[in-house]
Trainee: 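Quick one: the structure is below, questions incoming.
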Amino acid sequence: MSELRIRAATPDDLDAVLAFWKEAAEGTSISDDRAGVERLVARDPESLILAEKDGELVGTVIAGFDGWRCHLYRLAVHPGRRRQGIGSALLTAAEERFVRLGGRRGDAMVLVRNESAHLAWRAAGYEPEEKWRRWVKPLGELGD
C-alpha cells in the first residue's frame with residue numbers, strides 16, 4: 001500500500017484543488033475561485049495542506065492562523081478514500097502547525113447539515129460550541 005504524503009499546496013496545485021473541492025467538499029464558499037485561493041496561498045503559503053496518495057490529491061484542509069486564533073476550513077477527503085485515516089492525518093498536520101505558531105485552540109467551520117462531518121470532527125476531539133454563532137456579511141467590490 002502506498003504511503004500518504006502531506007504537504008503544503010503550491011500555486012501549481014490550485015486548479016486541481018478547486019476541481020477536487022467540487023467533488024469532495026460539501027457546499028461551496030464565496031472564496032472558491034482561483035483568485036480567492038491564490039490570495040490564501042500568497043498570504044500564508046503553509047495554510048492550505050494537501051494529502052496525496054500515488055500522486056493523486058485525496059484530501060485537503062485549510063489551517064489558517066491570524067496570530068490569535070486557529071481556524072480550520074475545507075477539510076475534505078475524496079469520497080472513495082474516506083475512513084482510511086486521511087482526514088486524521090490532515091488534522092494532525094494542521095494542529096502541529098498551529099502549535100508551532102503558538103496557537104492554543106483550533107476551531108472548525110462545519111456545515112450544520114453535514115452529519116457525516118459532525119461524526120468525523122467529534123472523533124477528532126472537536127465539539128460544537130453552542131454559545132457562539134457565526135455572523136457573516138459578504139463584502140463586495142468597493143463602489144458596489
Trainee: Over all heavy atoms of both residues, which pair between Gly64 and Phe98 is shortest? Give the atoms and the distance, please.
Mentor: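 Minimum heavy-atom contact is O-CE2, 3.5 Å.
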
Trainee: Got a second to check how far Leu91's CG is from Leu75's CG, nearest 0.5 Å?
Mentor: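 Answer rounded to 0.5 Å: 5.0 Å.
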
Trainee: If two hydrophobic side chains count as joined below 4.5 Å and joins carry through other members, does Trp21 share a cluster with Val61?
Mentor: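 Different clusters: Trp21 never reaches Val61 through Ile, Leu, Val, Met, Phe, Trp or Tyr contacts under 4.5 Å.
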
Trainee: Would you give the length of the straight line joining atom CG of Asp33 to atom CZ of Arg39, rounded to the nearest 0.5 angstrom?
Mentor: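 If I round to the nearest 0.5 Å, the distance is 6.5 Å.
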
Trainee: If two hydrophobic side chains count as joined below 4.5 Å and joins carry through other members, does Phe20 share a cluster with Ile62?
Mentor: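 Looking at the clustering, Ile62 is in the same group as Phe20.
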
Trainee: Using 0.5 Å steps for rounding, measure from the CG atom of Asp66 to the CZ atom of Arg43.
Mentor: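 The CG atom of Asp66 sits 7.5 Å away from the CZ atom of Arg43.
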
Trainee: Going hydrophobic residue to hydrophobic residue with side-chain gaps under 4.5 angstrom, can you get from Leu90 over to Leu101?
Mentor: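 Yes, because Leu90 and Leu101 connect within a single hydrophobic cluster, where side-chain heavy atoms sit under 4.5 Å apart.
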
Trainee: To the nearest 0.5 Å, what is the distance between CD1 on Ile6 and OG1 on Thr92?
Mentor: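 Here the rounded value is 9.0 Å.
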
Trainee: Verify, without hydrogens or angle tests, whether Thr60 (side chain) and Arg74 (backbone) share a donor-acceptor contact under 3.5 angstrom.
Mentor: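 Indeed, once roles are kept as given, a pair shorter than 3.5 Å links the two residues.
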
Trainee: Assess the residue pair His78 and Lys53 against the criterion (side chain to side chain contact (heavy atoms under 4.5 Å, CB included)); give the C-alpha distance rounded to whole Å, side-chain angles, the decisive distance to 0.1 Å, and a yes or no.
Mentor: CA-CA 11 Å; His78 186 280; Lys53 209 164 202 177; over 6 Å; no

Trainee: Mind checking whether Leu40 and Tyr73 have side chains closer than 4.5 Å, heavy atoms only?
Mentor: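 Side-chain contact under 4.5 Å: no.
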
Trainee: Between Val41 and Val17, is there a shared hydrophobic cluster once you connect ILVMFWY residues whose side-chain heavy atoms come closer than 4.5 Å?
Mentor: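 Linked, Val41 and Val17 end up in one cluster.
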
Trainee: Taking only distance into account, with no hydrogens and no angle test, what donor-acceptor pairs under 3.5 Å do side-chain atoms of residues 121-131 form with protein atoms, sequence neighbours excluded?
Mentor:
residue: Tyr126; atom: OH; partner: Glu95; partner atom: OE2; Å: 2.7
residue: Glu129; atom: OE1; partner: Trp132; partner atom: NE1; Å: 2.6

Trainee: Do you know which two heavy atoms are closest between Ser116 and Asn114, and how far apart they sit?
Mentor: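 It is OG-OD1, 3.1 Å.
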
Trainee: Provide the closest heavy-atom pair for Cys70 versus Phe65 in the form atom of the first, atom of the second, distance.
Mentor: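 In terms of heavy atoms, the two residues are closest at SG-CD1, 3.6 Å.
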
Trainee: Is there a donor-acceptor pair closer than 3.5 Å between any side-chain N or O of Arg82 and the backbone N or O of Val77?
Mentor: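 Yes; judged by distance alone, with no hydrogens or angles, the pair exists.
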
Trainee: To the closest 0.5 Å, what do you measure between NE2 (His118) and CZ (Arg113)?
Mentor: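 Atom-to-atom, His118:NE2 and Arg113:CZ are 10.0 Å apart.
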
Trainee: Is it the case that one hydrophobic cluster holds both Leu57 and Ile86, taking links as side-chain heavy atoms less than 4.5 Å apart, direct or via other members?
Mentor: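 The answer is no; the residues belong to distinct hydrophobic clusters.
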
Trainee: Using 0.5 Å steps for rounding, measure from the CE atom of Met109 to the CG atom of Leu72.
Mentor: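 Reported to 0.5 Å precision, the distance equals 11.0 Å.
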
Trainee: Run the salt-bridge test on Asp32 and Lys22 with the 4.0 Å N-O cut-off and return the result as yes or no.
Mentor: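 The answer is no: the pair does not qualify as a salt bridge.
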
Trainee: So, does Arg97 use its side chain to make a donor-acceptor pair with the main chain of Ala63 at under 3.5 Å?
Mentor: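 Such a contact is found between Arg97 side chain and Ala63 backbone.
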
Trainee: Closest approach of Arg34 and Pro11, non-hydrogen atoms and distance?
Mentor: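 For Arg34 and Pro11, the tightest heavy-atom pair comes out as NH2-O, 3.6 Å.
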
Trainee: With a 4.0 Å cut-off, would you call Asp107 and Arg134 a salt bridge?
Mentor: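 Salt bridge between Asp107 and Arg134, a charged N being under 4.0 Å from a carboxylate O: no.
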
Trainee: Which pair of non-hydrogen atoms, one from Glu46 and one from Ala8, has the smallest distance, and what is that distance?
Mentor: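 Glu46 and Ala8 have their closest heavy atoms at CA-CB, 4.1 Å.
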
